[in-house]
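Quick note on labels: first sequence line is chain A, next is B, and so on, each numbered from 1.
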Amino acid sequence: MKMAIPTADGEFTAHYSEHGLAQLDFPGDQRPNVHDNQHVAQAREWHVLTTRAIEEILAGNDPAELPPFDLSRGTDFQRRVWDELLRIPAGHAKSYGEVAEAIGSPKATRAVGAACGSNPIPVIIPCHRVIAANGKRGGYSGAAGWKEKLLACEGAQLL
DNA sequence: ATTTACAATATGA
DNA sequence: TCATATTGTAAAT
């Protein structure tokens, strides 16, 4: 199930599976991913939540409500990372090391980076709020410019 | 099954 | 500044 999300910054594309939001793409950079299912009505409800959440984030606020995610592709470690990312409030940034420590493996900083890289739902799962240890930017797969843009939008404090 | 490469970091030279 | 060990995954051998 593929649905567009028009925003002031372009049209995002959300992909829904039968379990929830499975993937989110930046404007103009759609990854080919076809989810065919019959749960159209349910996907519409999720889509409302997704759209509202993205609008909040682009405005620099915390989304009040999120759609369910389909993390079938993720490992336990990755889910721990993503869950931790969701706890970062708007306008705040954590380093890879801090996230690694928060999930119980202080030395798995590199693994955290890998988990962020395989994050299927950018923006809502705020992988852009994860930065290198000394305020460096680190990377951002696919849409590098968005990291700075989103952080600037929130006025994030880069320690 | 083993090696390599990542969006990292701390340490030692 | 550069080399290396460390950690979890995925992809390539």
Nearest listed nucleotide, side chain of A:A108, among B:dA7, B:dT9, C:dG8: C:dG8
A:E55/A:R52 salt bridge by N-O under 4.0 Å criterion: no
Side-chain heavy-atom pair A:E154, A:R129 within 4.5 angstrom cut-off: yes
Within residues 75-88 of chain A: residues closer than 4.0 Å to DNA chain C (heavy atoms): A:T75, A:F77, A:Q78
Closest approach of A:R137 to A:K147 (non-hydrogen atoms, all atoms of both residues): O-NZ, 2.6 Å
Euclidean distance, A:L24 CG relative to A:I125 CD1, rounded to 0.5 Å: 9.5 Å
Test side chain to side chain contact (heavy atoms under 4.5 Å, CB included) applied to A:Y16 and A:Q42, A:M3, A:R44, the passing residue: A:M3
Atom-pair distance (CG on A:L151; C1' on B:dA7), nearest Å: 13 Å
Whole-Å distance separating the CD1 atom of A:I103 from the C1' atom of B:dA8: 13 Å
Euclidean distance, atom CZ of residue A:R73 to atom P of C:dA10 [Å, nearest integer]: 8 Å
Distance (rounded to the nearest 0.5 Å) between A:I124 CD1 and A:W82 CH2: 13.5 Å
For atom NZ of A:K107 and atom C1' of B:dA8, their distance in whole Å: 14 Å
Least distance between heavy atoms, A:H47 atom then A:I5 atom: CE1-CG1, 3.4 Å
Inter-nucleotide C1' distance (B:dA10, C:dT9), Å rounded: 22 Å
Distance in angstrom units between A:K136 NZ and B:dT9 P, rounded: 7 Å
Strand DNA chain B in bracket notation, Watson-Crick/G-U under 3.5 Å with | for pairs to another chain: ||||||.||||||
Of the listed nucleotides B:dA7, C:dG8, B:dT9, the one nearest the side chain of A:Y140: B:dA7
Nearest-0.5 Å distance, NE2 of residue A:H19 to OG of residue A:S72: 7.5 Å
Sugar-phosphate only, base, or nothing, as touched by A:A132 at under 4.0 Å among non-hydrogen atoms: sugar-phosphate
Check ion pair A:D76-A:R80 (N to O, under 4.0 angstrom): no
Interatomic distance, A:Y96 OH vs C:dT9 C1' [rounded to whole Å]: 16 Å
